[in-house]
Peer 1: 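This is the structure, below, for whatever I ask next.
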Amino acid sequence: NDNAPTGIRLSPTSVAENQPAGTVVGQLPAIDPDLAGAGHTFTLCAGDGDSDNALFTIQGSTVVTAGPLDFEAASFRHIRVQADDGTNPTFAQALNIAVGDVAENVPPQNLTLNCTCLLPGSPPETTVGILRTLDPDPGDSHTLSLVAGEGGADNDKFLIRDGALVTATTLGFDGRAQYQVRIQAQDAAGAVLQQTFEILPAVPIWEEDFENDLGQWTHAAEQGEDTWQLSSDTARSPSHSLGARGTADFSDAGAISPWIEIPAQAEQIRLEFHQLYDWAAAPEDPLDGGVLECRLQDQAWQDVLWGEASHSVLQGGYRATLSLTNTHPLSGCPAWSGNSASSFLPTAVTLNVSQLAGQTIQFRWRQVATSTSTSARWHIDDVRLGAVLSTTNALSFDSAGCVFRDGLLELTWQSTPSASYTIEACSALGGEDWAPVTPPTPGASGASNTKTALDVTKLPGYPHRALFFRIKSE
């Protein structure tokens, strides 16, 4: 044995990234004419190619990692290994180790709620909105939960069910500006994202329970018989609904709401109603069913729940696709069909505010019956439309004067006669508890400024440690 080793091999020469310390890279046979690759001692040594020695260790003739490696930091690592046969001079050689790229989990990037408002008096199990998780990892699954923390003061009033935020109890805002919830999305690898949401009150702008006749409602048939009428034998509350029945011949008829003005300052719009329907058990290709449509003035009817209007169903969406025929006016369209098990089911939709704010809209509940079943029926009840209104106004105005003397605050501001103004107070600058302290005041007639006087000593909580005022136009 008088020949030194002439080479060192490593096999295999790669290892995946993110593996724990002690992960095997490969074996180290030496090329030695005397020992035929056996009986050598291997060590990491200094010299050319030793830049990553600290990331590995050698256990006998096995190279293992000293900790997780990162492909993004370097796709190759470099070590210098010495082989010693115990007699002759040692031999050292630089070796390259490839680091394999592994698809890494990226935490969820965003969590959204497609509607963040409720109408007052919303009962338990009302869907507030649908939660969506934005995650760069394709096909990743997420667990949603309400979690304690900042912004989660009202978690106990809500539940998460099937990807939706729903009410756990009847909610009336009772003067509150909002409810607050904190929601967590956790992906399959355990990475989490937490997001807070404020649930705002939607101001009712139109309601109908059909207890005072039909008012400005109308109904008409596109084809066949119109069977829509006020009904007293089936209702959700308290005693009347608007209903239609099946017909012996083909019928396409709708119940049409009054024209409704949507405020220009609307930021969210929410439509709710309850419906009971029975077009018999849903066959594979249903012929009878109903849809909800809307239109703006001088425009055609369009489906509210399906199509290009970008409205979003929150609860109680279409349950079937109508039979594909050459004669059916809703051929191949999604619709309500089958039956609601003799119960009034809630339906809620958040409407596309960018299309509707400042517009006048009309709704149509349209039944198409082609099966000739006269026992079919459809009833709607308790229709409500509400909007979250902006707290800011496009009108701009400047304060012209502020005088405080002997408990009396005198405010003067630029105004217009067509606008209305309210003085609000808050205990902390930048706070959220602004509350009106004066009734709405119209802009002074024939003048560019309006003045009002406020007796601060009569405000609740007087004397105040600090009190801030603002003028809000409406």
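FYI, side chains are in, hydrogens and waters are out, and symmetry mates aren't considered; it's all heavy atoms of this structure.
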Peer 1: Under the salt bridge (charged side-chain N to carboxylate O under 4.0 Å, His left out) definition, can you give me all pairs with a residue in residues 337-352, not counting sequence neighbours?
Peer 2: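 Of all non-adjacent pairs touching residues 337-352, none passes salt bridge (charged side-chain N to carboxylate O under 4.0 Å, His left out).
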Peer 1: For Arg236, enumerate each residue passing the salt bridge (charged side-chain N to carboxylate O under 4.0 Å, His left out) test, keeping only those at least two apart in sequence or located in another chain.
Peer 2: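 Salt bridge (charged side-chain N to carboxylate O under 4.0 Å, His left out) check on Arg236 returns Asp382.
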Peer 1: As a quick check of understanding, evaluate side chain to side chain donor-acceptor pair (under 3.5 Å) for Ser375 and Ser373, giving each step before the final call.
Peer 2: CA-CA 6 Å; Ser375 62; Ser373 171; 3.2 Å; yes
Peer 1: Is it the case that the side chains of Thr247 and Asp249 hold a donor-acceptor pair, with the cut-off being a distance below 3.5 Å and no angle test?
Peer 2: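 No - no donor-acceptor pair under 3.5 Å links their side chains.
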Peer 1: What pairs of residues pass the salt bridge (charged side-chain N to carboxylate O under 4.0 Å, His left out) test when at least one of them lies in residues 153-166, not counting sequence neighbours?
Peer 2: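 Applying salt bridge (charged side-chain N to carboxylate O under 4.0 Å, His left out) to every pair that reaches into residues 153-166, excluding sequence neighbours, yields Glu125-Arg161, Asp154-Lys157, Asp154-Arg176.
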Peer 1: Checking Thr23 now: which residues fulfil side-chain contact (heavy atoms from CB on, under 4.5 Å) with it, not counting sequence neighbours?
Peer 2: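 For Thr23, the residues satisfying side-chain contact (heavy atoms from CB on, under 4.5 Å) (neighbours in sequence not counted) are Val15, Gln19, Pro20, Thr65.
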Peer 1: With sequence neighbours left out, what residues match Ala264 under side-chain contact (heavy atoms from CB on, under 4.5 Å)?
Peer 2: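 For Ala264, no residue satisfies side-chain contact (heavy atoms from CB on, under 4.5 Å) once neighbours in sequence are set aside.
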Peer 1: Take His379 and Asp233 through the test side-chain contact (heavy atoms from CB on, under 4.5 Å) and record every step on the way to the result.
Peer 2: CA-CA 10 Å; His379 294 265; Asp233 60 355; 4.2 Å; yes
Peer 1: Determine which pairs satisfy salt bridge (charged side-chain N to carboxylate O under 4.0 Å, His left out) with at least one residue from residues 238-248, sequence neighbours left out, and list them in order.
Peer 2: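 Applying salt bridge (charged side-chain N to carboxylate O under 4.0 Å, His left out) to every pair that reaches into residues 238-248, excluding sequence neighbours, yields Glu225-Arg245.
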Peer 1: Please list all pairs meeting salt bridge (charged side-chain N to carboxylate O under 4.0 Å, His left out) that have one or both residues in residues 361-376, counting only residues at least two apart or in different chains.
Peer 2: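 Pairs touching residues 361-376 that pass the test: Glu222-Arg364, Asp252-Arg366, Glu293-Arg364, Glu293-Arg366.
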Peer 1: Ser239 and Glu211: which non-hydrogen atoms are nearest, and at how many Å?
Peer 2: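 Nearest heavy atoms, Ser239 then Glu211: OG-OE1, 2.8 Å.
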Peer 1: Do Ser371 and Asp288 have a side chain donor and acceptor closer than 3.5 Å?
Peer 2: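 On atom types as modelled, these side chains qualify, holding a pair under 3.5 Å.
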Peer 1: Does Phe173 have any ring pair (Phe, Tyr, Trp, His ring centres under 6.0 Å) partners at least two apart in sequence or in another chain, and if so, which?
Peer 2: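 Phe173 satisfies ring pair (Phe, Tyr, Trp, His ring centres under 6.0 Å) with Tyr179 once adjacent residues are dropped.
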Peer 1: Trp365 and Trp228: aromatic ring centres closer than 6.0 Å?
Peer 2: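 Ring centroids of Trp365 and Trp228 are no less than 6.0 Å from each other.
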Peer 1: Does one side chain, of Asp187 or Asn105, offer a donor that lies under 3.5 Å from an acceptor on the other?
Peer 2: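 Yes, a side-chain donor-acceptor pair sits under 3.5 Å.
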Peer 1: Sequence neighbours left out, what passes ring pair (Phe, Tyr, Trp, His ring centres under 6.0 Å) with Tyr318? Give chain and number order.
Peer 2: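 For Tyr318, the residues satisfying ring pair (Phe, Tyr, Trp, His ring centres under 6.0 Å) (neighbours in sequence not counted) are Trp336.
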Peer 1: Could you tell me which residues satisfy ring pair (Phe, Tyr, Trp, His ring centres under 6.0 Å) with Phe210, sequence neighbours excluded, listed by chain and number?
Peer 2: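 Applying ring pair (Phe, Tyr, Trp, His ring centres under 6.0 Å) to Phe210 gives Trp217.
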Peer 1: If you look at every heavy atom in Thr196 and Gly151, which pair is closest and at what distance?
Peer 2: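 Answer, listing the atom of Thr196 first, then Gly151: CG2-CA, 3.9 Å.
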Peer 1: Checking the side chain of Thr452 only, and the main-chain atoms of Leu411 only, is there a donor and an acceptor separated by less than 3.5 Å?
Peer 2: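 No, because the side chain of Thr452 does not come within donor-acceptor range (under 3.5 Å) of the backbone of Leu411.
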Peer 1: Show your reasoning for whether side-chain contact (heavy atoms from CB on, under 4.5 Å) applies to Asp226 and His219.
Peer 2: CA-CA 7 Å; Asp226 170 21; His219 48 91; 2.6 Å; yes
Peer 1: Below 4.5 Å, heavy atoms only, C-beta onward: do Thr347 and Gln275 meet side chain to side chain?
Peer 2: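 Result yes, sub-4.5 Å side-chain heavy-atom pair found.
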Peer 1: Using every non-hydrogen atom in the two residues, find where Ser257 and Gln362 come nearest and quote the distance to one decimal.
Peer 2: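 Reported closest heavy-atom pair: O-NE2, 3.0 Å.
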Peer 1: Could you tell me which residues satisfy side-chain contact (heavy atoms from CB on, under 4.5 Å) with Ala164, sequence neighbours excluded, listed by chain and number?
Peer 2: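 side-chain contact (heavy atoms from CB on, under 4.5 Å) list for Ala164, sorted by chain: Thr127, Ile130, Val166.
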Peer 1: Could you tell me if His142 and Asp135 have a donor-acceptor pair between their side chains, going purely by distance under 3.5 Å?
Peer 2: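 Indeed, the side chains of Asp135 and His142 share at least one donor-acceptor pair under 3.5 Å.
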Peer 1: Minimum heavy-atom separation for Arg270 to Cys117, with atom names?
Peer 2: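 That closest heavy-atom pairing would be NH1-O, 3.1 Å.
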Peer 1: Partners of Arg319 by salt bridge (charged side-chain N to carboxylate O under 4.0 Å, His left out), sequence neighbours excluded?
Peer 2: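 Not a single residue meets the salt bridge (charged side-chain N to carboxylate O under 4.0 Å, His left out) criterion with Arg319.
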